[in-house]
Number of protein chains: 4
Amino acid sequence: MVAAVEDKAEAILHAALELFAERGFHGTSVPSVAERAGVAAGTIYHYFASKEALVNALYKQCKGAIQAEALSNFPFDAPPREQFRVTWSRLADFALSHPKEFAFLELHHHGTYLDAESKAIETRLVALGVATIQQAQASQALKMLDPNLLLEFGNGAFIGIFRAAMAGRLPFTKETFMTAEQCVWEAIRA
Amino acid sequence: MVAAVEDKAEAILHAALELFAERGFHGTSVPSVAERAGVAAGTIYHYFASKEALVNALYKQCKGAIQAEALSNFPFDAPPREQFRVTWSRLADFALSHPKEFAFLELHHHGTYLDAESKAIETRLVALGVATIQQAQASQALKMLDPNLLLEFGNGAFIGIFRAAMAGRLPFTKETFMTAEQCVWEAIRA
Amino acid sequence: MVAAVEDKAEAILHAALELFAERGFHGTSVPSVAERAGVAAGTIYHYFASKEALVNALYKQCKGAIQAEALSNFPFDAPPREQFRVTWSRLADFALSHPKEFAFLELHHHGTYLDAESKAIETRLVALGVATIQQAQASQALKMLDPNLLLEFGNGAFIGIFRAAMAGRLPFTKETFMTAEQCVWEAIRA
Amino acid sequence: MVAAVEDKAEAILHAALELFAERGFHGTSVPSVAERAGVAAGTIYHYFASKEALVNALYKQCKGAIQAEALSNFPFDAPPREQFRVTWSRLADFALSHPKEFAFLELHHHGTYLDAESKAIETRLVALGVATIQQAQASQALKMLDPNLLLEFGNGAFIGIFRAAMAGRLPFTKETFMTAEQCVWEAIRA
DNA sequence: CATGAATGAGTTTTCATTCAT
DNA sequence: TATGAATGAAAACTCATTCAT
């Protein structure tokens, strides 16, 4: 059955997500993924050619999900302040509703086991962010600094908040993220 | 003899630093550390009881170094704006002069293999940061938000800048960090 | 239906022949046989009880084919010189027209996975050869040496020529074999 | 100790020789080699980088041994008849005193796992054989046929005799081989 | 102190075989 | 009859750790 196939692959991806997010790629064994997914070790190799293929599939799925949530219907015509708020809010929604996915992406975006395609997704996203920032700079809404600096600044701040919230040092709520949003805006606005 | 002992231990720690920072704890084998350190695999076990003991020793050493550089002679009597600038500047100096150490700390502060003592250092540092922030808030220099939020915000932004610089997406210079410093200040000041 | 059944079984045997001849029994996986035969892995087990049963079936088929080609209408009444030439010529024809079958037989006649029946075929053939040689010796056409020696000698020489021809070190032609035939005759004749 | 090291490596090579000769490369597992050698499975990888490296090392050692036995002090100045007898006799001595080595070489010289260096040894030997045959032809001692045919003919016959003797169908004695030698000479002489 | 050979449990991966569909 | 997903045992190989030297 198609449903069964998708269920198995999904179960494997889900188990892998949890374990990779917790212990990292090298800290997670294929049998442990199989056990948590409730399948035999060999079964994983019916769906994924190798452990590397598994992380990459997971990475693409998660990156796709965050992109879909964060960038669909981007308010191109809204003013920069609004664009920033919406983007940040959507990222917060994603992080709140998919903390494991977010943690996984955060932990693995530098891995040597990521293939070219996986890395390309990240690169495209950064390029999109930079372009949006440049537009906002053109309308004098943002500081005239290196767009990469503004981007990485916001990105880093978001991740810092997320990590602290996951560790219990901050409430893991929308409010926490939106409070930070206001701060970041003050940091980057012209 | 003492010098030789320290040399070997130091060589092992240095090799471990590079490899752990590059490939992570689980991605680094003890023999590979031995090889890079120019010692036999067994020698590592004269200085460190286990691979876990090795990371922890390294973690403590690096955390101690960053603490020494960032917090010695902290300008307790300076105004908050100055305190922040000095702290950020010193962190930047450390990150610029010890990028491997900084990357290592960044990559490992969540590891399940860190022992209680290692985690305690981090906790103490956070407490110190929070206390300093609260003082600055008392003098109405900073926003009246959860001090943890302000702390993690700044921390995250710093790390974001550092990572981007290491990846070549930003110039790896003091200027990059100090430009970001001004932004962060605008984000957190009252 | 019957045609289809034979087709599938035949396809499996053909695929197995190629792969076993190329890579040997242990070097060939059942799924790879299935893939080359264009059937599902499970289908193989409808026709053959196991991988061992498959090699044995193939072995018997090939041995039967070579026997049919080489021994049908054996010229019992011809003089030994003629009998030898005919036998050798027919073997050459078989090797030239069925190189994979010949190579397969050559590669597998010693396998521990061959069952008693498979081995018995070989034994019977050898006995037949020995008997024929003894007759020729009785008529003083051949050297009075151990018939097994004469048999294995010719057999080995044939295989040596075949292998070298397959490897491209000799032309893979009837002429090559018939030239060798003359040599062998001079080696064994009285 | 050097002796111990050589002993272990030698024990592994010896165990591998027996098993590879019996069951072939793919039919032999590394743990089974370890068990027969009396070492742990992991120990094999201290001496040989991989299972392939192990066969190749063994192949080179055996090929070297047979070359040393068969070709040292080759009687370049003797007449062809004598050269042939000496060579065959030495090969027979080797096969009789090192049957496993001979069987191993016979079984593996076509393997896809043999590296370039291993294959080169074989190629060089064949070239040497061909050159010697050509000289003998120049002095009209041998038939004026393709030297490769004469070489492979003799080689095949030798192997046929060897195999039959190993299988118990012929006495495994020097006499068996030397009787065959006389036959081969009659096959190839002018 | 220092070595590095040796271990054996653990890793990733393959594969002969089964079985629900 | 045919499929191919699923299994789990076993393969090749790695590695943290020990210990005789």
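Every chain is numbered from 1, with letters handed out A, B, ... down the list of sequences. Because the structure is a prediction, the values reported are computed rather than measured. Scope of the values below: all heavy atoms of this structure, side chains included, with no hydrogens, waters or symmetry mates.
Each of A/V39 and B/V30 was matched to the nucleotide of DNA chain F holding its nearest heavy atom; the match closer to the 5' end belongs to A/V39. Residue whose closest nucleotide on DNA chain E sits further toward the 5' end, between A/A41 and B/G42: B/G42. Each of D/T28 and A/A40 was matched to the nucleotide of DNA chain F holding its nearest heavy atom; the match closer to the 5' end belongs to A/A40. Comparing A/F25 and D/T43 by the nucleotide of DNA chain E whose heavy atom lies nearest to each, the residue mapping closer to the 5' end is D/T43.
Side chain of C/T123 to main chain of C/K119: a donor-acceptor pair is present (N/O by atom type, distance under 3.5 Å, no hydrogens or angles). In this structure, the side chain of D/N56 does not engage the main chain of D/A116 through any donor-acceptor pair within 3.5 Å.
With rounding to whole Å, B/L19 atom CG is found 12 Å from F/dC15 atom P. Taking atom CD of residue A/E35 and atom P of nucleotide E/dT11, one finds them 11 Å apart after rounding to whole Å. Taking atom CD1 of B/I12 as the reference point, atom C1' of E/dC1 lies 12 Å away to the nearest angstrom. In this entry the distance linking CZ of C/R23 with P of E/dT14 reads 14 Å, nearest Å. Atom CD1 in A/I44 sits roughly 18 Å away from atom P in E/dC15 (whole-Å rounding). Rounded to whole Å, the distance from NE2 on D/H26 to C1' on F/dA10 is 16 Å.
A ring-ring contact (aromatic ring centres under 6.0 Å, His included) with B/F25 is found for one member of B/F104, B/Y59, B/F20 and no other, namely B/F20. Considering C/K63, C/K60, C/R124 as possible partners of C/E117, the one that fulfils the salt bridge (Lys or Arg N to Asp or Glu O under 4.0 Å) test is C/K60.
Listed nucleotides E/dT3, E/dA6, E/dC1 differ in distance to B/Y47; the shortest reach to its side chain belongs to E/dC1. Closest contact between the side chain of C/Y45 and the listed nucleotides E/dT14, E/dT17, E/dT3 involves E/dT17. Distance from the side chain of C/K8 is smallest for F/dA2 among the nucleotides E/dA6, F/dA2, F/dT7.
Put simply, C/S29 has no side-chain N or O that comes within less than 4.0 Å of OP1 or OP2 on E/dT14.
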*Any chance you could lay out the side-chain contact (heavy atoms from CB on, under 4.5 Å) test for C/L125 and C/Q67, step after step, and finish with the verdict?*
CA-CA 8 Å; C/L125 262 175; C/Q67 235 174 302; 3.8 Å; yes
*What do the steps show when you test B/Y47 against B/L13 for side-chain contact (heavy atoms from CB on, under 4.5 Å), and what is the final call?*
CA-CA 10 Å; B/Y47 295 98; B/L13 283 166; over 6 Å; no
_What verdict does the side-chain contact (heavy atoms from CB on, under 4.5 Å) test give for A/R163 and A/E106, after you've listed the backbone C-alpha separation in whole Å, the side-chain angles of each residue and the deciding distance to 0.1 Å?_
CA-CA 10 Å; A/R163 277 195 194 177; A/E106 233 304 278; 3.4 Å; yes
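Residue C/E35 places its CD atom among 12 or fewer non-hydrogen atoms of other residues, nucleotides or ligands, all under 6.0 Å distant.
Cation-pi check for C/K51 over C/Y113 is not met; the charged atom does not lie both under 6.0 angstrom from the ring centroid and within 45 degrees of its normal.
Nucleic acid contact for C/S32: none, since no nucleic acid atom lies under 4.0 Å from a heavy atom of the residue. A/P31 comes within 4.0 angstrom of a nucleotide base, judged by non-hydrogen atoms across all strands.
Secondary-structure stems of DNA chain E, taken as three or more successive Watson-Crick or G-U wobble pairs (i with j, i+1 with j-1) under a 3.5 Å distance threshold, comprise E:2-21 with F:2-21.
Sorted by residue number, the members of residues 50-60 of chain A with any non-hydrogen atom under 4.0 Å from DNA chain E read A/S50, A/K51.
Looking at C/H46, its side chain comes within 3.5 Å of the base of F/dA2 through a donor and an acceptor atom.
The minimum heavy-atom distance linking D/A21 with D/H108 is given by the pair N-CE1, 4.3 Å.
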